[in-house]
Amino acid sequence: LQQRRGIRLSAPAAIQVTVRDALNQALDEELERDERVFLLGEEVAQYDGAYKISRGLWKKYGDKRVIDTPISEMGFTGIAVGAAMAGLRPVCEFMTFNFSMQAIDQVINSAAKTCYMSAGAIAVPIVFRGPNGASAGVAAQHSQCFAAWYGHCPGLKVVSPWSSEDAKGLLKASIRDDNPVVMLENELLYGVPFEMSEQAQSKDFIVPIGKAKIERQGTHVTLVSHSRPVGHCLEAAAVLAKEGVECEVINLRTIRPMDIETVEASVVKTNHLVTVEGGWPQFGVGAEICARIMEGSAFNYLDAPAVRVTGADVPMPYAKILEDNCIPQVKDIIFAVKKTLNI
Amino acid sequence: ASRVMVASRNYADFANEATFEIKKCDLHRLEEGPSTTAVMTREEGLHYYKTMQTIRRMELKSDQLYKQKIIRGFCHLYDGQEACCVGLEVAIKPTDHVITAYRAHGFTYARGVPVREILAELTGRKGGCVKGKGGSMHMYTKNFYGGNGIVGAQVPLGAGIALACKYFGKNEVCLTLYGDGAANQGQIFETYNMAALWKLPCIFICENNRYGMGTSVERAAASTDYYKRGDFIPGLRVDGMDVLCVREAAKFAAEYCRAGKGPILMELQTYRYHGHSMSDPGISYRTREEIQEVRSKSDPITLLKDRMVNNNLASIEELKEIDVAVRKEIEEAAQFATTDPEPPLEELGNHIYFNEPPFEVRGPNQWIRYKSVS
């Protein structure tokens with residue numbers, strides 16, 4: 001669908017949009033579209049958002065639609081879930097997902113499980129969003145990745161955008177979804193500009209939940225990732241291409257329900273699999289991908305065991321040299337690819 | 001069987017209504033409280049009586065079914081506390097909202113779910129009010145949000161429902177219930193703060209039955225004045241064994257909230273005859289004498305019966321007839337609950353999501369798949 005704005009003499013114009021602005025646009029558009037949508041969280045209103053994601057929204061929509069909460073995660077998360085049960089469509093912001101641990105009972109036991117326990121009588125159309133995973137120099141208590149924790153639970157949907165299109169399209173899809181969605185953003189991506197097609201600039205642009213995107217076609221190895229590491233995979237792919245290795249890079253976009261079919265089709269083609277994530281290795285997203293590949297049709301097409309690249313299995317240290325070596329770097333991805341291909 | 005004429009009085013002999021003195025509520029941050037007199041019509045009295053008696057017999061039947069192992073898992077019974085859920089329900093409208101914790105069967109009935117659907121849910125059958133998916137602690141109906149298993153978690157939820165009430169502007173309120181045990185949960189104090197800050201139409205109700213599982217209130221709380229624990233939120237302490245006292249207090253509280261004054265807190269002093277759950281005999285932390293004393297002096301159904309008979313609102317025979325009708329209803333409901341089939345295996349995967357195209361759910365191994373429809 002192309003949005004026509006008048007006579008066009010040249011090709012549709014893509015523009016550069018940061019992830020922050022993309023999220024802001026999504027919130028603005030969805031607040032405008034549906035009166036039941038509202039945003040709550042710490043500093044989201046008068047401060048314009050701790051990371052400025054909600055800049056300008058309180059000024060435009062006022063106290064009823066954009067609500068500053070006290071520092072009471074368990075309380076305000078429960079309030080948000082209750083509001084959703086009673087017919088509103090809240091967007092509940094966690095300043096970082098590390099703080100969501102204080103409220104995790106409300107996310108899992110009140111939000112995720114209620115539709116099932118009530119045999120569909122009570123829906124919980126809520127979005128929990130905020131920055132997830134490592135930032136820069138924020139140390140152990142502020143750097144944890146929750147993809148595996150939330151991805152574990154039936155009843156939730158879990159999305160993890162990388163690009164601005166991902167961010168805008170997934171946030172809009174999440175808000176319009178009648179189920180509890182956890183949206184894991186990344187603080188280091190907020191300021192990064194990405195090209196946004198004209199189609200993506202439309203007010204009805206949605207990225208469907210549960211569908212992965214192939215960011216780069218390749219034939220020798222499949223790299224599967226989500227969030228910021230997708231960028232690292234593309235960088236690694238560029239380096240490897242100079243050596244004649246063509247990587248297929250898959251951006252999962254959704255953790256749950258995971259689009260394993262796209263990964264399988266790719267592995268059937270390339271015969272090699274490397275998963276890349278920021279979270280800890282044990283019981284992580286990569287572990288799940290590997291298990292499912294073993295169970296499915298693609299197993300017989302693997303020429304080597306599947307390999308995982310993850311965060312280091314330690315709480316995040318502070319000193320830069322230590323922190324840098326705790327997150328998957330481009331060199332770690334390249335090394336893993338070469339090991340898998342035995343080159 | 002033919003009907004035997006037991007009463008020689010006809011209905012014209014009864015009074016239409018009577019006025020009763022009720023206990024004055026202790027007040028916190030309130031100049032005035034609910035009225036200390038309550039008018040009850042004959043019709044109201046019969047309704048309250050039948051409802052409380054139905055809940056009483058339903059809970060006793062559940063006790064029986066549990067001991068026969070036809071009900072499994074957790075079962076928290078409400079007998080003794082009937083005046084609370086009935087007094088609250090008759091004070092509010094069907095369009096108002098109620099949320100409580102796991103001792104929820106009485107509220108489920110009061111909010112409109114038939115006894116047979118409650119019992120069938122307890123026995124895990126497809127005719128249960130949530131198709132056997134929830135069980136004792138997770139029953140729902142319109143404007144009734146359960147049935148919640150995590151102690152205290154329902155309180156922020158209730159304030160959220162109240163936020164929606166305020167947002168939609170339809171002058172509705174939310175009754176948010178919790179026990180004396182839950183009253184010490186941190187999230188409740190977080191909720192008090194936000195409800196007061198944002199003036200949410202939330203009526204916080206602490207059902208104080210003196211024991212949080214096996215721990216008496218004196219051993220759990222530095223302050224057992226639960227009606228004051230909301231601090232800046234005005235509070236009432238109410239005799240929870242008197243359905244009229246509960247009714248008047250709830251009317252007062254609902255009016256307060258609907259006037260836009262913000263939240264209010266009610267402590268209902270009540271008592272449960274059973275232990276915490278069916279796994280708890282309930283006599284290791286309290287004496288049989290205490291239980292017996294409450295039964296003989298403060299039973300809510302007996303209190304109402306005596307009031308009605310002594311004030312010419314009903315005859316003993318008439319109330320006995322109601323008892324018979326109630327027993328019959330409970331027996332039929334139990335019959336349904338024990339003969340209705342269990343849910344089909346296909347139900348296992350359903351209702352993971354709402355309003356979602358069908359998809360597949362993994363079973364105990366990769367080859368077992370269930371379809372999930374919503």
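Within every chain, numbering begins at 1; the chains are lettered A, B, ... in the order of the sequence lines, protein sequences first and strands thereafter. Model, not experiment: these values are computed from the prediction.
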A:Phe38 and B:Tyr167 aromatic centres sub-6.0 Å: yes

Restricting to non-hydrogen atoms, name the atom on [X] and the atom on [Y] that form the minimum distance, rounded to 0.1 Å.
X: B:Ile352; Y: A:Gly155; value: CG2-N, 3.6 Å
X: A:Gln106; Y: B:Ala153; value: NE2-O, 3.2 Å
X: B:Phe354; Y: A:Gly120; value: CE1-O, 3.4 Å
X: B:Val130; Y: A:Ala119; value: O-CB, 3.5 Å
X: A:Glu73; Y: B:Glu190; value: N-OE1, 3.9 Å

Within this structure, what is the [atom1]-[atom2] distance for the pair [X] and [Y], rounded to the nearest 0.5 Å?
X: B:Asn350; Y: A:Cys115; atom1: CG; atom2: SG; result: 10.0 Å
X: B:Phe144; Y: A:Ser118; atom1: CZ; atom2: OG; result: 12.0 Å
X: B:Leu157; Y: A:Met85; atom1: CG; atom2: CE; result: 5.0 Å
X: A:Ile108; Y: B:Ile150; atom1: CD1; atom2: CD1; result: 11.5 Å
X: B:Trp198; Y: A:Leu40; atom1: CH2; atom2: CG; result: 6.0 Å
X: A:Phe76; Y: B:Thr191; atom1: CZ; atom2: OG1; result: 12.0 Å

Side chain, backbone, both or neither: which part of [X] has an atom under 4.5 Å from a heavy atom of chain B?
X: A:Asp105; result: side chain
X: A:Arg36; result: both
X: A:Ile71; result: neither
X: A:Thr69; result: both
X: A:Lys113; result: neither

Could you check whether atom [atom1] of [X] has more than 12 heavy atoms from other residues, nucleotides or ligands sitting under 6.0 Å from it?
X: B:Arg116; atom1: CZ; answer: no
X: B:Phe74; atom1: CZ; answer: no
X: A:Phe299; atom1: CZ; answer: no
X: B:Leu197; atom1: CG; answer: yes
X: B:Arg258; atom1: CZ; answer: yes
X: A:Lys64; atom1: NZ; answer: yes
X: B:Met213; atom1: CE; answer: no
X: A:Glu35; atom1: CD; answer: no

Which atoms of B:Phe168 approach chain A - backbone, side chain, both or neither, heavy atom under 4.5 Å: side chain

Contacting region of B:Ile99 [heavy-atom separation from chain A under 4.5 Å]: neither

Pick from A:Pro257, A:Ser110, A:Pro154 with the largest number of heavy-atom pairs that fall under 4.5 Å of chain B: A:Ser110

Residue, of B:Gln187, B:Glu347, B:Lys131, that accumulates the most heavy atom pairs under 4.5 Å with chain A: B:Gln187

Which of B:Met139, B:Lys133, B:Met137 touches chain A most, by non-hydrogen pairs under 4.5 Å: B:Lys133

Got [X] and [Y] here, is their nearest side-chain heavy-atom distance under 4.5 Å?
X: A:Asp177; Y: B:Tyr353; value: no
X: A:Pro70; Y: B:Met194; value: yes
X: B:Glu356; Y: A:Asn179; value: yes
X: B:Pro156; Y: A:Met74; value: no
X: A:Asn109; Y: B:Asn148; value: no
X: A:Thr114; Y: B:His138; value: no

Side-chain (B:Gln366) to main-chain (A:Glu295) donor-acceptor, under 3.5 angstrom: yes

